[in-house]
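To start, the structure itself, in C-alpha cells.
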Amino acid sequence: HTVREVMGIFKPSIGSYTWIRIVATPVFRSDDRRVKGAYAIFEDITERKATLDELAESRQRLVLATQHTGVGIWDSNPRTGKTIWNETMYSLYGARHGQFSGDADYWLTRVHPDDRERTGHERRMALDSGKPREREFRILWPDGEVRYLRSTSKVLRDAAGEPVRVLGTTVDVTERRLAEERLHSTLESIGDAFVAFDRDWRYDYVNAQAERLIGMTRGELMGRVLW
C-alpha cells in the first residue's frame with residue numbers, strides 16, 4: 001500500500017529543520033508479488049508547515065484571549081444547520097457540552113420568549129442582507145435567570161452570493177443593561193424634565209416629565225433631530 005510520511009531534516013548550516021513530505025508506492029514482482037522496489041515522491045513542505053504552525057498558534061492565542069475577556073465565538077454553517085461554539089459560549093448560555101448538539105437553532109430556544117420573534121427576524125435579515133449585524137436580546141438560563149447578551153455577526157458568501165458561513169461574537173451585557181434600567185427608573189421618578197441626545201443630536205431618551213413639557217410623546221420624539 002502507499003505510504004505517506006512527514007519528516008523533519010535538521011540542517012546545521014541554517015540552524016533549522018527542512019520538512020519533507022514523502023509519498024512512496026511499492027513495486028511488486030510479477031511472478032510472486034513480492035516487493036522489489038518502490039517509487040517515492042519527495043516534496044518540500046517547510047513553508048506550508050510554518051504557515052500551519054503559525055495558524056495553530058494564532059488560534060491558541062485567540063482561545064486564550066477570548067477566555068479571559070469573556071467573548072464567545074461561534075461559527076455557523078447555513079447549509080448544514082450546524083454551529084461550533086468556543087468554551088465561553090457555554091458559559092454565556094449556562095449550558096453544558098451535552099446540552100448543545102451543534103444545532104444552529106439551539107440558541108433561539110434559549111432566547112427569552114418575548115425576544116424570540118424579533119431576534120429570529122433579525123437573524124434572517126442578516127442572512128438576506130449580508131451586512132454585519134449587532135443585536136441585543138435576553139436569554140433564560142436553565143435555572144430561570146435572565147441574562148442580556150449582545151451578538152455581532154458577519155455573513156460570508158460564495159461566488160453565487162449564497163451564504164456559506166456566519167461568524168459571530170457574543171458578550172454578556174447584563175450588568176450594563178441592569179444599570180441602565182436603574183438609571184431610567186430614577187429618571188422617570190424625578191420631577192424634572194430630562195432628555196438625552198446621540199452624537200447627531202437625535203432624541204435618544206425622553207422621560208415622562210419631558211414629554212409633558214415638550215407636548216410630544218416619546219414615540220414622536222425618539223430619533224428626531226433637535227435642530
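The basis for the numbers below is simple: all heavy atoms, side chains too, and nothing from hydrogens, waters or symmetry mates.
- Every residue two or more places apart in sequence or in another chain that forms a salt bridge (charged side-chain N to carboxylate O under 4.0 Å, His left out) with E134 is listed here: R150.
- For E145, the CD atom sits in a packed shell: over 12 heavy atoms of surrounding residues, nucleotides or ligands are nearer than 6.0 Å.
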Quiz item: Should D105 and R123 be marked as a salt bridge (charged side-chain N to carboxylate O under 4.0 Å, His left out) after you check the CA-CA gap, both sets of side-chain angles, and the distance that decides it?
Solution: CA-CA 11 Å; D105 289 328; R123 182 183 66 167; 2.8 Å; yes
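- With sequence neighbours left out, the side chain to side chain donor-acceptor pair (under 3.5 Å) criterion links R116 to no other residue.
- Enclosure of atom NE2 in H184 by more than 12 non-hydrogen atoms of other residues, nucleotides or ligands within 6.0 angstrom is indicated.
- Not one N or O on the side chain of D204 forms a donor-acceptor pair closer than 3.5 Å with the backbone of D198.
- Looking only at distances, a side-chain donor or acceptor of R110 sits under 3.5 Å from a matching main-chain atom of Y93.
- The line from CG of D44 to CZ of R21 is 12.5 Å long, rounded to the nearest 0.5 Å.
- Checking side-chain atoms of E211 against main-chain N and O of R218 turns up a donor-acceptor pair under 3.5 Å.
- Checked against the 6.0 Å centroid threshold, W74 and F100 do not count as a close aromatic pair.
- Heavy atoms only, all atoms of each residue included: L92 and I139 are closest at O-CD1, 3.4 Å.
- Not one N or O on the side chain of Q209 forms a donor-acceptor pair closer than 3.5 Å with the backbone of F194.
- Of the inter-residue distances, the one linking R118 atom CZ with H112 atom NE2 reads 11.5 Å to the nearest 0.5 angstrom.
- In terms of the ring-ring contact (aromatic ring centres under 6.0 Å, His included) criterion, Y148 has no residue partners (sequence neighbours excluded).
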Quiz item: Do Y205 and L187 pass the side chain to side chain contact (heavy atoms under 4.5 Å, CB included) test, and can you show the C-alpha distance, the side-chain angles, and the key distance before you say yes or no?
Solution: CA-CA 10 Å; Y205 177 77; L187 293 175; 3.6 Å; yes
